[in-house]
Amino acid sequence: MLCNKRIGAVVPAYNEEKQIGMVLDTMPDFVDTIIVVDDASQDKTTQIVESQQKQNDKIVLLKHDKNSGVGGAIASGYKWARDHDIDVAVVMAGDGQMDPKDLPAILTPVVSGEVDYAKGNRLFSGAAFRKIPKIRYFGNSILSLLTKVASGYWHIADSQSGYTAINRVALRTIDWDRMYKRYGQPNDLLVLLNIYDFKVRDIHINPTYNIGEKSRVKIRKVIFTISWLLLKRFLWRLKEKYIIRDFHPLIFFYFLGGLLLLSCGFFLARLILLWIKVGHVPEITALALAFCFVTGLQSTFFAMWFDMEYNKDLR
């Protein structure tokens, strides 16, 4: 236990026969239960965990018949923790990329009751740019910016970090069957947490790479998938939080900004066509384009500022 709180470590694992033993062996003593979720592995992951179970009664093994993605595996672990009176659940990936030395720092603000959810942030480190593969670093940076807008947690970065801790109240509030099941799970969860006004904090951790892990993530593919997910979740959050639960005028600013910025496409196309047809820039169309672009940006920035102010206490 840590600060008299029962700690459960959720370990999602898919084909991690080379790493899972090390993850279980290095789990800190204050972790009360280790919930390994084998996401339909096709290697010896299950056998290795079952062998470890014979020596360590803290280990619980959950097995998926079908692969559901890392988000689905985490959801299964969270539901088990929720149903077995775990006070704080932390995610420790089965590939060994989450350094157990960082675990106390991530758990402390949650077990002390300061926040409901804490997550690691590898971008705080001065070594992040050097250690993290460049395409992953830039992809993470883009998705972090989009996640700020979509989730309302403007103080949060490194949105793709799955090294997290969540308290019992949040475990029992979130509908884990609705959470996104694939690589965008951390982004989606931040949106869900914001809907219920849970406090979230970033914790400095060191990036861990080249320890034998094998990434199955294709950044060029998931950056578009997650961007689309974030757009849908952003619109859903606006509806849930600022229309249904507590009306806020930022809705009007976002609507006006979106409408004007979309209309820029129409005026730009009209400007180009008329320019080609008459041989010079049509002044009225150019003015309309400039007006829509500038006013649309201003309206959108005002909406973001209102959103930031509304959520400034959730840290």
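Gln52 is linked by a side-chain hydrogen bond (donor to acceptor under 3.5 Å, both in side chains) to Asp25, counting only residues two or more places apart in sequence or in another chain. Legend: residues meeting salt bridge (Lys or Arg N to Asp or Glu O under 4.0 Å) with Asp39, ordered by chain and number and at least two apart, are absent. Under the ring-ring contact (aromatic ring centres under 6.0 Å, His included) criterion, Trp176 pairs with Tyr78, not counting sequence neighbours. With sequence neighbours left out, Tyr242 forms a ring-ring contact (aromatic ring centres under 6.0 Å, His included) with His248, Tyr310. Residues satisfying the side-chain hydrogen bond (donor to acceptor under 3.5 Å, both in side chains) test with Tyr180, not counting sequence neighbours, are none.
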Under the criterion side-chain contact (heavy atoms from CB on, under 4.5 Å), I'd like the reasoning laid out for Leu260 against Val294: C-alpha separation, chi angles, the key distance, then a yes or no. CA-CA 9 Å; Leu260 290 173; Val294 173; over 6 Å; no
Given the rule in the side-chain contact (heavy atoms from CB on, under 4.5 Å) test, do Phe234 and Leu146 qualify, once you have shown the distances and angles that lead to the verdict? CA-CA 10 Å; Phe234 167 67; Leu146 296 177; over 6 Å; no
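Contact detail for Ser41 and Asp38: the closest heavy-atom pair is OG-OD1, 2.6 Å. Of all heavy-atom pairs spanning Tyr183 and Asn187, the tightest one is O-OD1, 4.3 Å. Summarising the geometry of Thr45 relative to Glu16, their closest heavy-atom pair is OG1-N, 2.9 Å, with the distance given to 0.1 Å.
Crowding of Lys199 atom NZ: a count of heavy atoms from other residues, nucleotides or ligands under 6.0 Å not exceeding 12. A 6.0 Å sphere centred on CZ of Phe306 holds more than 12 heavy atoms belonging to other residues, nucleotides or ligands. No more than 12 heavy atoms of other residues, nucleotides or ligands shown are found within 6.0 angstrom of CG on Asn4. Residue-environment remark: NZ (Lys181) exceeds the threshold of 12 foreign heavy atoms within 6.0 Å. The environment of Phe301 atom CZ is sparse: at most 12 non-hydrogen atoms of other residues, nucleotides or ligands sit within 6.0 angstrom.
Using a cutoff of 4.0 Å between basic side-chain nitrogens and carboxylate oxygens, Arg315 and Asp202 are not scored as salt-bridged. Here Asp307 pairs with Arg237 in a salt bridge; the nearest charged N to carboxylate O distance falls below 4.0 Å. Remark: Arg233 engages Asp188 in a salt bridge, criterion side-chain N to carboxylate O under 4.0 Å. Between Lys18 and Asp43 there is no salt bridge, since none of the side-chain N atoms of the basic residue sits less than 4.0 Å from a carboxylate O of the acidic one. Under the 4.0 Å criterion applied to side-chain N and carboxylate O atoms, Asp158 and Arg122 are assigned as salt-bridge partners.
Ring centers of Phe252 and Phe247: under 6.0 Å apart, within the cut-off.
A donor-acceptor pair is defined here as one N or O able to donate and one able to accept, closer than 3.5 Å; such a pair exists between the side chain of Glu17 and the backbone of Lys44.
Hydrophobic clustering (side-chain heavy atoms under 4.5 Å, transitive across Ile, Leu, Val, Met, Phe, Trp, Tyr) keeps Leu145 apart from Trp154.
Here the side chains of Ile156 and Ser151 are not in contact, with every heavy-atom distance at 4.5 Å or above. Taking 4.5 Å as the limit, some side-chain heavy atom of Leu107 sits within range of a side-chain heavy atom of Val88. Between Ile34 and Leu24, the closest side-chain pair of non-hydrogen atoms falls below 4.5 Å. Here the side chains of Val111 and Ile7 are in contact, with some heavy-atom distance below 4.5 Å. Met27 has its side chain out of reach of Asn56: every pair of non-hydrogen atoms, C-beta onward, lies at least 4.5 Å apart.
Taking the six-membered ring where tryptophan is involved, the planes of His84 and Trp80 are essentially parallel, since the angle between them stays under 30° and well short of 60°.
A side chain to side chain donor-acceptor pair (under 3.5 Å) check over residues 272-301, counting only residues at least two apart or in different chains, returns the pairs Arg270-Thr285.
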